Amino acid sequence: MSDSVPTSSSVPSSSAVSRTSQFAKYKACIYDLLTWKNLYVSGGSFAGALFALYLFKYVNVVKLFFNFAYIALGTAIAVEFAGRTIKGGPGFVSSFRGSGNYFVISKDIVDPLFNEFTVLVNFLLVEFQQIVFVENFPLTVFAFVVSYFTYFLVNFVSLWTLAVVGVTVAFATPPVYLKFQKEIDAQVAATNKIIDKKISELKVQANEHLGKAAGIAKGYFDQALDKIGYKRNLPPVPAAEPSTPAVAVAAE
């Protein structure tokens, strides 16, 4: 048959197509968020990130949680005890719920959230693997630069300060770049030309120095061979046969 039928390995599955579309959705969401497409969403996210970092540094969330827990439970016990003393039966707190059911979370709410969380985790894993295996070269270079400078900056600056600076740069750099994109691209292109020119000059100089070093090394090597008596470019001299001892000739 002349018509080729695509095999199952060459045709992407519906799950792969769906995953790709979901990943594209997250990429577009991050792009819109960092480029301030929606001023209120980006501003709220930026303020929320800074507020979360502030809480992480200056507020002991665990201690605050248990502080609120024991106050709330102690108040509930006191109110319940007072109600049982006055009414002689169930107190105010225990009778507040009445005969209704307990509050539970519906599976119809949890499943979509869990599925969305799974897609988000897979998206982050795929992006991480693309960085590690250099499938996205600019992103890998960017990750290398960030890792390199962070490695040295942690010796002088706290991680909290680096996190604040990183969040600020992440939200401030994209809009500045989009506003001055032509000027920045022109400067980057000019810088790349200068770097390429310097690299070419260094390659030429390296080849020249390598040739000179090879010639000097060859000269020293030839001198060493001359000192040990090795004749270059000549056939090897055959070894002399051992002579008959003089004592044996005299005996004959």
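Sequence positions, counted from 1, serve as the residue numbers for this chain. These numbers come from a predicted model, not from an experiment.
- Taking the side chain as every heavy atom from C-beta outward, N122 and L125 approach each other to under 4.5 Å.
- Following chains of ILVMFWY side-chain contacts shorter than 4.5 Å, one cannot reach V157 starting from L50, and the two form parts of different hydrophobic clusters.
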Which is it for L113 and F117 under the side-chain contact (heavy atoms from CB on, under 4.5 Å) test, yes or no, and what are the steps along the way? CA-CA 6 Å; L113 294 177; F117 176 75; over 6 Å; no
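- Taking 4.5 Å as the limit, every side-chain heavy atom of N136 sits out of range of all side-chain heavy atoms of I131.
- Closest of all the heavy-atom pairs between A49 and V167 is CB-CG1, 3.9 Å.
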Tell me, with the steps shown, if D185 and Y177 meet side-chain hydrogen bond (donor to acceptor under 3.5 Å, both in side chains). CA-CA 9 Å; D185 290 344; Y177 171 74; 3.0 Å; yes
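- Taking every heavy atom of both residues into account, Y148 and F152 meet most closely at O-CD1, 3.2 Å.
- A distance of 10.5 Å separates CG in L153 from CG in L159, rounded to the nearest 0.5 Å.
- Residues E201 and K197 are in side-chain contact: their nearest non-hydrogen atoms beyond the backbone lie under 4.5 Å apart.
- Remark: aromatic rings of Y70 and F66 are distant, center separation not under 6.0 Å.
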side-chain contact (heavy atoms from CB on, under 4.5 Å), that's the test. Do V119 and Y26 meet it? Break it down for me. CA-CA 9 Å; V119 174; Y26 279 111; 3.5 Å; yes
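- Distance CZ/F149 to CG/L162: 12.5 Å, rounded to 0.5 Å.
- Side-chain contact between W36 and P174: absent, with no pair of heavy atoms (C-beta onward) separated by less than 4.5 Å.
- Note that NZ of K193 and NZ of K198 are 16.0 Å apart. Values are rounded to the nearest 0.5 Å.
- The minimum heavy-atom distance linking K107 with P112 is given by the pair O-CD, 4.2 Å.
- Once rounded to the nearest 0.5 Å, the distance linking CG of L55 with CG of N60 reads 11.5 Å.
- In summary, E208 and K212 do not engage in a salt bridge, as defined by a charged side-chain N under 4.0 Å from a carboxylate O.
- Taking 4.5 Å as the limit, some side-chain heavy atom of W160 sits within range of a side-chain heavy atom of V164.
- Cluster annotation: L34 is not connected to V165 through the hydrophobic network of ILVMFWY side chains, with a link wherever side-chain heavy atoms come within less than 4.5 Å.
- Using a 4.0 Å cut-off between a side-chain N of Lys or Arg and a carboxylate O of Asp or Glu, E116 and K25 qualify as a salt bridge.
- Using a 4.5 Å heavy-atom cutoff, the side chains of K37 and S42 are not in contact.
- The aromatic rings of Y54 and Y58 sit tilted relative to each other, their planes meeting at an angle between 30° and 60°.
- For E135 (side chain) and Q129 (main-chain N/O), no donor-acceptor pair under 3.5 Å exists by modelled atom type.
- Taken to the nearest 0.5 Å, the OG1 atom of T35 stands 15.0 Å off from the NZ atom of K179.
- Looking only at side-chain heavy atoms (C-beta outward), D32 and N38 stay at 4.5 Å or farther from each other.
- T191 pairs in a side chain to side chain contact (heavy atoms under 4.5 Å, CB included) with only one of the listed residues (I194, I195, V188), which is I195.
- Residue F51 is grouped with residue V59 when hydrophobic side chains (ILVMFWY) are merged at heavy-atom distances under 4.5 angstrom, including chains of intermediate members.
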Determine, stepwise, if the pair I30 / F123 fulfils side-chain contact (heavy atoms from CB on, under 4.5 Å). CA-CA 12 Å; I30 294 174; F123 167 73; 3.9 Å; yes
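- A donor-acceptor contact under 3.5 angstrom links the side chains of T161 and S158, judged on distance only.
- Linking Ile, Leu, Val, Met, Phe, Trp and Tyr residues whenever their side-chain heavy atoms come within less than 4.5 Å places L120 and V41 in a single cluster.
- Taking every heavy atom of both residues into account, V79 and F92 meet most closely at O-CD1, 3.6 Å.
- Taking 4.5 Å as the limit, some side-chain heavy atom of K27 sits within range of a side-chain heavy atom of E127.
- The CZ atom of F68 lies 9.0 Å from the CG atom of L73; values are rounded to the nearest 0.5 Å.
- Clustering ILVMFWY residues whenever any of their side-chain heavy atoms sit less than 4.5 angstrom apart, transitively, puts I77 in a cluster other than the one holding I86.
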